[in-house]
> 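Let me give you the structure first, and then I'll get to my questions.
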Amino acid sequence: MRNVLIECAFDGLVDERWTDDIPAEWIRNLSTNSPDTPISRLEAMRERMKAVLPDADVTNYHAIIPSL
């Protein structure tokens, strides 16, 4: 699913956005559910996603969370 969404965003079909909390969550969950997968591999995937879609990274969002 992740690859399909990244490809759709790369092709301009969707406007992908994520905060640092999103990859932290999937890295934590995947490392728990797939303990044989090295954390370094998951972190490398996160870095590739950021490199392919640099505008997707949302920053300075913590201040607005209470108002959401």
Side-chain angles (χ1 to χ4, degrees):
M1 180 65 90
R2 177 195 62 232
N3 291 345
V4 170
L5 290 172
I6 296 296
E7 185 67 34
C8 287
F10 186 76
D11 291 343
L13 300 173
V14 296
D15 193 18
E16 189 79 28
R17 297 283 183 253
W18 57 69
T19 67
D20 284 338
D21 294 338
I22 303 297
E25 181 179 349
W26 64 256
I27 288 171
R28 183 179 59 250
N29 289 330
L30 279 172
S31 66
T32 299
N33 295 330
S34 301
D36 293 338
T37 304
I39 294 286
S40 59
R41 180 176 173 198
L42 301 174
E43 290 172 341
M45 174 59 71
R46 177 192 59 208
E47 295 308 313
R48 285 192 298 275
M49 290 169 57
K50 286 184 170 198
V52 170
L53 298 169
D55 294 336
D57 202 21
V58 176
T59 59
N60 300 319
Y61 59 92
H62 286 102
I64 66 167
I65 290 175
S67 66
L68 297 176

> Once side chain to side chain contact (heavy atoms under 4.5 Å, CB included) is applied, do any residues pair with Arg17, and if so which ones, sequence neighbours excluded?
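Residues passing side chain to side chain contact (heavy atoms under 4.5 Å, CB included) with Arg17: Asp15, Asp55, Val58.
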> Once rounded to the nearest 0.5 Å, what's the spacing between atom CD of Glu7 and atom CG of Asp11?
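Between atom CD of Glu7 and atom CG of Asp11 there are 4.5 Å.
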> Is there a side-chain contact between Trp26 and Arg46, using heavy atoms and a 4.5 Å cut-off?
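The answer is yes, as the side chains (C-beta and beyond) meet within the 4.5 Å cut-off.
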> Which heavy atom of Glu16 sits nearest a heavy atom of Ala9, and at what distance?
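Of all heavy-atom pairs spanning Glu16 and Ala9, the closest is CB-CB, 3.5 Å.
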> Under a 3.5 Å distance rule, please check whether Ser34 uses its side chain to pair with a backbone N or O of Ser31 as donor and acceptor.
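No.
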> Supply the atom-to-atom distance Leu30 CG to Arg2 CZ, rounded to the nearest 0.5 angstrom.
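With rounding to 0.5 Å, CG (Leu30) is 7.5 Å from CZ (Arg2).
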> Between Met49 and Trp18, is a side chain to side chain contact (heavy atoms under 4.5 Å, CB included) present by the stated rule, with each step listed?
CA-CA 10 Å; Met49 290 169 57; Trp18 57 69; 4.1 Å; yes
> Above 12 or not: heavy atoms from other molecules or residues under 6.0 Å from OH of Tyr61?
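Yes, enclosed.
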> Can you measure from CD1 (Ile27) to CD1 (Ile22) and round to the nearest 0.5 angstrom?
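Reported to 0.5 Å precision, the distance equals 11.5 Å.
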> Should His62 and Asp21 count as side-chain neighbours, where that means a heavy-atom distance under 4.5 Å?
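Side chain of His62 against side chain of Asp21, heavy atoms only: contact under 4.5 Å found.
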> Could you give me the CA-CA distance, side-chain angles and deciding distance for Asp20 and Asp57, then say whether side chain to side chain contact (heavy atoms under 4.5 Å, CB included) is met?
CA-CA 8 Å; Asp20 284 338; Asp57 202 21; 3.7 Å; yes
> Are Leu42 and Thr37 side-chain neighbours, meaning at least one heavy-atom pair lies under 4.5 Å?
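Contact flag for Leu42/Thr37 side chains = yes.
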> Using 0.5 Å steps for rounding, measure from the CD1 atom of Ile39 to the CZ atom of Arg28.
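Taking CD1 in Ile39 and CZ in Arg28, the distance rounds to 10.5 Å.
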